[in-house]
Amino acid sequence: MTGHPETKPFVPRLVAWELTRSCNLDCVHCRAAASRGPYEGELSTEECLRILEEIAEVGKPIIILTGGEPLLRDDLLTLAEKAKNLGFRPVLATNGTLLTEELARRLKEAGIARASISLDGASPEAHDDFRKMPGAFEGALRGIEILKKVGIPFQINTTVTAKNLEELPKVHELAKKLGAVAHHIFLLVPVGRGKELAEESLPAEVYEKTLHWFYDQRERAGLHLKATCAPHYYRILRERARAEGKTVDMETFGLDAVTRGCLAGTGFCFISHKGTVQPCGYLELNCGSLREKSFPEIWWGSEVFQNLRNFKDYKGKCGRCEYVRVCGGCRARAYEATGDYLEAEPLCTYEPRKPA
């Protein structure tokens with residue numbers, strides 16, 4: 001399928017696939033508001049295998065097998081192996097509590113290239129209180145030790161809110177101590193069950209300060225750092241580098257900048273457990289059902305995706321910002337705040353050089 005000429009360069013780099021909404025935990029900030037299933041209408045193994053083949057027609061993105069808790073899918077190994085054989089890089093997003101050494105070895109054999117484990121505090125008290133799940137911290141650490149034992153690289157993901165902000169440096173040090181290959185921070189987007197934490201979102205000034213702190217860790221971390229749901233970081237990356245006398249290309253500067261700030265609908269999409277495609281897991285706009293249309297039809301043909309790729313149509317200060325192509329503002333926050341996914345990101349302190 002040829003696709004819309006303006007969208008053709010926007011090949012998918014990452015696809016997050018909610019294989020199941022079922023989960024053995026019930027975390028307070030969960031995007032999916034997931035809990036123990038079963039949930040009706042989940043894609044069958046045959047449907048998932050077909051969708052993987054369709055994704056391969058468009059690109060070779062990293063496939064993030066997530067949930068809920070993806071380890072609750074009986075066919076997880078089959079899907080991971082299919083993804084590997086199609087030339088994708090399958091990775092696993094798990095809470096780690098259900099991992100066993102035997103399962104981890106089978107996951108590695110099936111082709112899982114990396115696993116992410118979430119730590120939102122650096123102690124049982126902090127992590128379990130944040131997640132409202134006693135034992136979650138110890139379970140995550142057990143999972144990490146199993147991943148290390150079988151040789152699956154792992155990264156630490158941390159959701160950052162006002163409640164656990166002071167834990168962030170501690171979690172960062174713990175990630176290094178545990179031997180993580182990466183530390184990814186996620187700035188809370190208040191959707192799903194996370195709406196209950198909306199008042200704990202970081203104020204814009206603190207958000208900016210936190211991202212500057214994260215930048216400061218780049219040279220000393222010894223592991224890859226990525227800020228997700230925090231598109232301003234890709235502006236800060238360039239501002240700070242320029243201030244340090246580095247030659248900065250607005251489009252491609254920095255290892256982190258091989259992506260861009262908000263990837264929703266441009267280099268990333270989300271597939272729900274029922275096959276609904278969204279720009280991201282937090283931007284809950286139905287862009288098409290994979291039970292009714294093929295992945296290429298949705299990726300190239302969705303009106304929402306095409307709008308997200310037309311930066312000239314972005315509104316407010318995002319629309320006139322010189323960093324729109326490398327930041328773009330969080331489209332999910334804009335949608336939650338205004339009802340318009342093309343409006344300005346509400347948690348941004350930066351004033352564009354171009355006047356209103």
Looking at side-chain heavy atoms only, is the closest gap between [X] and [Y] below 4.5 Å?
X	Y	value
N164	V171	no
R333	L187	yes
I156	I144	yes
L92	L76	yes
I271	I55	yes
Y341	P279	no
Y282	C330	no
R106	E102	yes

- Do L342 and F311 sit in the same hydrophobic cluster, where Ile, Leu, Val, Met, Phe, Trp and Tyr count as joined when their side-chain heavy atoms come under 4.5 Å apart?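 Yes, same cluster.
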
- Message: Going by side-chain contact (heavy atoms from CB on, under 4.5 Å), name the residues that satisfy it together with E125, two or more places apart in sequence or in a different chain.
- Response: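 Scan of E125 (side-chain contact (heavy atoms from CB on, under 4.5 Å), adjacent residues dropped) gives S123.
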
Do you see a donor-acceptor pair shorter than 3.5 Å between the side chains of [X] and [Y]?
X	Y	result
E69	S22	no
E42	H273	no
Y350	E345	no

Value rounded to 0.5 Å, distance of [atom1] in [X] from [atom2] in [Y]:
X	Y	atom1	atom2	answer
S118	H127	OG	NE2	7.5 Å
H183	L119	NE2	CG	8.0 Å
F268	I64	CZ	CD1	5.5 Å
D313	C318	CG	SG	13.0 Å
K163	L202	NZ	CG	14.0 Å
L308	C280	CG	SG	9.0 Å

Tell me whether [X] contacts the main-chain N or O of [Y] through its side chain, where contact means a donor paired with an acceptor under 3.5 Å.
X	Y	answer
D120	F130	no
N310	N307	no
E208	T349	no
R73	L19	yes
K82	L52	no

Salt bridge (charged side-chain N to carboxylate O under 4.0 Å, His left out) involving [X] - partner list, sequence neighbours excluded:
X	result
E109	none
E303	none
K317	E351
E81	none

Inspect the contact between [Y] and [X] and indicate whether a charged nitrogen and a carboxylate oxygen are less than 4.0 angstrom apart.
X	Y	result
E173	K176	yes
R142	E138	no
E54	R50	yes
R240	D216	yes

- Message: The test is side chain to side chain contact (heavy atoms under 4.5 Å, CB included); show your working for R309 and F305 and say whether it passes.
- Response: CA-CA 6 Å; R309 295 165 189 167; F305 282 9; 3.5 Å; yes

How close do [X] and [Y] get, heavy atom to heavy atom, and via which atoms?
X	Y	answer
L77	A110	O-CB, 3.7 Å
R114	A182	NH1-CB, 3.7 Å
G121	A126	CA-CB, 3.9 Å
Y234	G261	CD1-CA, 3.3 Å
G135	D128	N-OD2, 2.9 Å

- Message: Ring of F137, cation from R131 - is the NZ or CZ under 6.0 Å from the centre and inside 45° of the axis?
- Response: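 Relative to the ring axis of F137, which defines the angle, R131 lies outside at least one limit.
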
How about [atom1] on [X], more than 12 heavy atoms from neighbouring residues, nucleotides or ligands closer than 6.0 Å, or not?
X	atom1	answer
K148	NZ	yes
R89	CZ	yes
E244	CD	yes
E166	CD	no

- Criterion side chain to side chain donor-acceptor pair (under 3.5 Å) on N95 and T97, from CA distance to verdict: CA-CA 6 Å; N95 60 50; T97 61; 2.6 Å; yes

- For E343, side chain to side chain donor-acceptor pair (under 3.5 Å) partners two or more places apart: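 Once residues adjacent in sequence are excluded, E343 has no partner under the side chain to side chain donor-acceptor pair (under 3.5 Å) criterion.
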
- Query: Ring centres of H232 and Y207 under 6.0 Å apart?
  - Reply: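 Yes, ring centres under 6.0 Å apart.
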
- Item | Check against salt bridge (Lys or Arg N to Asp or Glu O under 4.0 Å), K170 and E167 | CA-CA 5 Å; K170 301 173 189 176; E167 285 290 310; 3.5 Å; yes

- Decide side chain to side chain contact (heavy atoms under 4.5 Å, CB included) for W17 and L43; before the verdict, give the C-alpha distance in whole Å, the side-chain angles of both, and the deciding distance to 0.1 Å. CA-CA 11 Å; W17 194 336; L43 294 168; 3.8 Å; yes

- Message: Can you classify the ring geometry of H184 versus F186 as parallel (below 30°), tilted (30 to 60°) or perpendicular (above 60°)?
- Response: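 Answer is tilted, since the angle falls between 30° and 60°.
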
- Classify the ring geometry between H172 and W213 as parallel (under 30°), tilted (30 to 60°) or perpendicular (over 60°).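 Rings of H172 and W213: perpendicular, over 60°.
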
- Message: Applying side chain to side chain contact (heavy atoms under 4.5 Å, CB included) to Q278 and L283, what does each step give before you reach the verdict?
- Response: CA-CA 7 Å; Q278 302 174 192; L283 183 49; 5.8 Å; no

- Task: Start with the C-alpha distance between L79 and L49, add both sets of side-chain angles, then the distance that settles side chain to side chain contact (heavy atoms under 4.5 Å, CB included), and finish with yes or no.
- Result: CA-CA 7 Å; L79 301 181; L49 294 174; 3.8 Å; yes

